[in-house]
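Have a look at this one.
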Amino acid sequence: MRVFGCFLLFHMLFDFYFQSNKMAGEKEYSRIALAMHCLVYAAGAAATVALLFEASATAIVASFTVFALSHWIIDGSLRRAFAGLDLSPVGSFLADQVLHIIILLILSVLCCHLWAMRPIALNLLGARGAELSWISTLCFCGRPCSIVIAKVLQFLRNPGVEQSADTTTAHSGKWIGIFERLIVAALSLLNQYSAIAFIFTAKSIARFKQLESDKDFAEVYLLGSLASVFLAMASAVLFMYLFNSAGC
């Protein structure tokens, strides 16, 4: 499961942090933009495989090809199929990410069976599981979580309407949410779960007047806060399990 954790980490980096909003929008209608994204993603995947496993050059090229084709199919053909099903933006996004994660899980198991791990990688994963848990959790609590929550809240306000996670109106709330998740994730990784309640309380006090006067805002605020806290805690538990598990 530690290899799967590494695959999830590279997926977050290359599918979120190394993909701008402009590229994400352009690949919806431009095959060139989609191809560029798939090539960059596959290059990151192949580099991860090369760092973790004693695989030949041919095997690395094969892994590059598999990752590029699978990403092309999911982000290209299947995404157009989702559009035909009239899914909401958040539904299409979640279906897309679930398929990516399933592919990564299958490929991580396959890699572990095909090739032996490099001794240095094996030692690193064994000795630095805690540090990798921190890096992966904090990475997830940034841009990936912001996009998920923004799509959920936008769906509640205007179902069926797509909106960027980086609009001006959502900018301050986005950064408040990021810092909130980073603190919650850090407390979860330190097993200080009781302290998380203070963050939620402090945030609610700051918004008390608006919560009291605007019931619609209160519902959206509550859902967004609960989703933010849940994702931060769940990611901490998940990555602690993945990077501290035995075996590959």
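What you are looking at is a predicted structure, and each value in this text was computed from that prediction instead of being measured.
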Practice item. Identify, with sequence neighbours excluded, every residue that meets side chain to side chain contact (heavy atoms under 4.5 Å, CB included) alongside Ile183. Key: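 Ile183: side chain to side chain contact (heavy atoms under 4.5 Å, CB included) contacts with Leu187, Ile199.
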Review point. Hydrophobic cluster mates of Leu39, side-chain heavy atoms under 4.5 angstrom, ILVMFWY only, any path?
Key: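 Phe64, listed by chain and number.
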Check your understanding: According to a 4.5 Å side-chain heavy-atom criterion applied to Ile, Leu, Val, Met, Phe, Trp and Tyr, with indirect links allowed, do Leu69 and Ile101 form part of one hydrophobic cluster?
Key ->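 No, no single cluster joins them.
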**Study point:** Heavy atoms of other groups near Tyr17 OH, more than 12 under 6.0 Å
**Key:**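 Result for OH/Tyr17: enclosed.
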Review point. Above 12 or not: heavy atoms from other molecules or residues under 6.0 Å from CZ of Phe198?
Key: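 No, CZ of Phe198 has 12 or fewer neighbouring heavy atoms, counting only those of other groups under 6.0 Å.
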Review point. Would you say the side-chain atoms of Ser108 pair up with the backbone N or O of Leu105, donor to acceptor, closer than 3.5 Å?
Key: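 Present.
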**Study point:** Separation between CG of Leu242 and OG of Ser235, rounded to the nearest 0.5 Å
**Key:**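 So the CG of Leu242 and the OG of Ser235 are separated by 11.0 Å.
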**Study point:** Residue pairs, two or more places apart or on separate chains, that pass disulfide bond (SG atoms under 2.5 Å apart) and touch residues 193-231
**Key:**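 The answer is none; no pair qualifies.
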Exercise for review: Report the residues that fulfil salt bridge (charged side-chain N to carboxylate O under 4.0 Å, His left out) with Arg128, sequence neighbours left out, ordered by chain and then residue number.
Suggested key: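 With sequence neighbours excluded, Arg128 shows a salt bridge (charged side-chain N to carboxylate O under 4.0 Å, His left out) to Glu131, given in chain and number order.
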Check your understanding: Taking the side chain from Asn123 and the backbone from Pro119, do they hold a donor-acceptor pair closer than 3.5 Å?
Key ->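 Side chain of Asn123 to backbone of Pro119: a pair is present.
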Practice item. Locate the shortest heavy-atom distance separating Ser70 from Ile103; write the atom from each residue and the value. Key: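 Here Ser70 and Ile103 meet closest at OG-CG2, 4.0 Å.
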Point to revise | Minimal non-hydrogen separation, Phe7 against Leu104, with atom names | key: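 Heavy-atom minimum between the residues: CD2-O, 3.7 Å.
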Check your understanding: If two hydrophobic side chains count as joined below 4.5 Å and joins carry through other members, does Leu124 share a cluster with Leu13?
Key ->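 Different hydrophobic clusters.
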**Study point:** Same apolar cluster: Ile102 and Val3, side chain cutoff 4.5 Å
**Key:**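 Each belongs to a different hydrophobic cluster.
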Point to revise | Listed partners of Asp75 passing salt bridge (charged side-chain N to carboxylate O under 4.0 Å, His left out), at least two apart | key: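 Partners of Asp75 by the salt bridge (charged side-chain N to carboxylate O under 4.0 Å, His left out) criterion, ordered by chain and then number, come out as Lys27, Arg79.
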**Study point:** Any residue meeting side chain to side chain donor-acceptor pair (under 3.5 Å) with Arg181, in chain and number order, not counting sequence neighbours
**Key:**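 With sequence neighbours excluded, Arg181 shows a side chain to side chain donor-acceptor pair (under 3.5 Å) to Ser146, Ser228, given in chain and number order.
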Check your understanding: If every non-hydrogen atom of Ser188 is compared with every non-hydrogen atom of Tyr193, which pair is closest and at what distance?
Key ->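 Result for this residue pair: O-OH, 3.6 Å.
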Point to revise | Heavy-atom closest pair, residues Leu51 and Ala121 | key: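 Looks like O-CB, 3.7 Å.
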Review point. Nearest 0.5 Å, what's the CD-CD1 distance between Glu54 and Ile120?
Key: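 Here the interatomic distance stands at 11.5 Å.
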**Study point:** salt bridge (charged side-chain N to carboxylate O under 4.0 Å, His left out) partners of Glu26, counting only residues at least two apart
**Key:**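 Glu26 satisfies salt bridge (charged side-chain N to carboxylate O under 4.0 Å, His left out) with no other residue.
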Review point. Is there a path from Val98 to Leu238 through hydrophobic residues (I, L, V, M, F, W, Y) whose side chains come within less than 4.5 Å of each other?
Key: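 No, Val98 does not connect to Leu238 through the hydrophobic network.
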Exercise for review: To the nearest 0.5 angstrom, please state how far the CZ atom of Phe140 sits from the CG atom of Leu182.
Suggested key: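 Reported to 0.5 Å precision, the distance equals 12.0 Å.
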Point to revise | Cluster link Leu231 to Ile135, ILVMFWY, side chain under 4.5 Å | key: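 They do share one cluster, since a chain of ILVMFWY contacts under 4.5 Å joins Leu231 to Ile135.
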Check your understanding: So with a 6.0 Å cut-off around CZ of Phe230, is the heavy-atom count from everything else above 12?
Key ->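 Incorrect, the count does not exceed 12.
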Practice item. Please list all pairs passing the salt bridge (Lys or Arg N to Asp or Glu O under 4.0 Å) test where one or both residues lie in residues 232-248, with sequence neighbours left out. Key: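 Sorted pair list comes back empty.
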Check your understanding: Which disulfide bond (SG atoms under 2.5 Å apart) pairs, counting each pair once, include a residue from residues 176-248, with sequence neighbours left out?
Key ->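 Output for this query lists Cys112-Cys248.
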Review point. Got a second to check how far Cys145's SG is from Met12's CE, nearest 0.5 Å?
Key: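 Here the interatomic distance stands at 9.5 Å.
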Point to revise | Heavy-atom closest pair, residues Leu52 and Cys6 | key: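 Closest approach of Leu52 to Cys6, heavy atoms only: CD1-CB, 3.9 Å.
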Exercise for review: With rounding to the nearest 0.5 Å, note down the distance linking CG in Leu223 to CD1 in Ile149.
Suggested key: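 The distance works out to 9.0 Å.
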**Study point:** Any pair counted as disulfide bond (SG atoms under 2.5 Å apart), so long as it reaches residues 25-68, sequence neighbours left out
**Key:**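 Of all non-adjacent pairs touching residues 25-68, none passes disulfide bond (SG atoms under 2.5 Å apart).
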Exercise for review: Quick one: list whatever passes side chain to side chain contact (heavy atoms under 4.5 Å, CB included) with Asn244, sequence neighbours left out.
Suggested key: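 Asn244 satisfies side chain to side chain contact (heavy atoms under 4.5 Å, CB included) with Ser133, Met240 once adjacent residues are dropped.
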Point to revise | Spacing of CG belonging to Leu132 relative to CZ belonging to Phe243, to within rounding of 0.5 Å | key: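 CZ of Phe243 is found 5.0 Å from CG of Leu132.
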Point to revise | Minimal non-hydrogen separation, Arg143 against Phe16, with atom names | key: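 Taking Arg143 first and Phe16 second, the nearest heavy atoms are NE-O, 2.7 Å.
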Review point. Who pairs with Tyr41 by ring pair (Phe, Tyr, Trp, His ring centres under 6.0 Å), at least two apart in sequence or on another chain?
Key: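 Applying ring pair (Phe, Tyr, Trp, His ring centres under 6.0 Å) to Tyr41 gives Phe10, His11, His71.
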Point to revise | N/O donor-acceptor pair under 3.5 Å between Glu180 side chain and Ile176 backbone | key: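 Side chain of Glu180 to backbone of Ile176, a donor-acceptor pair under 3.5 Å: no, none is there.
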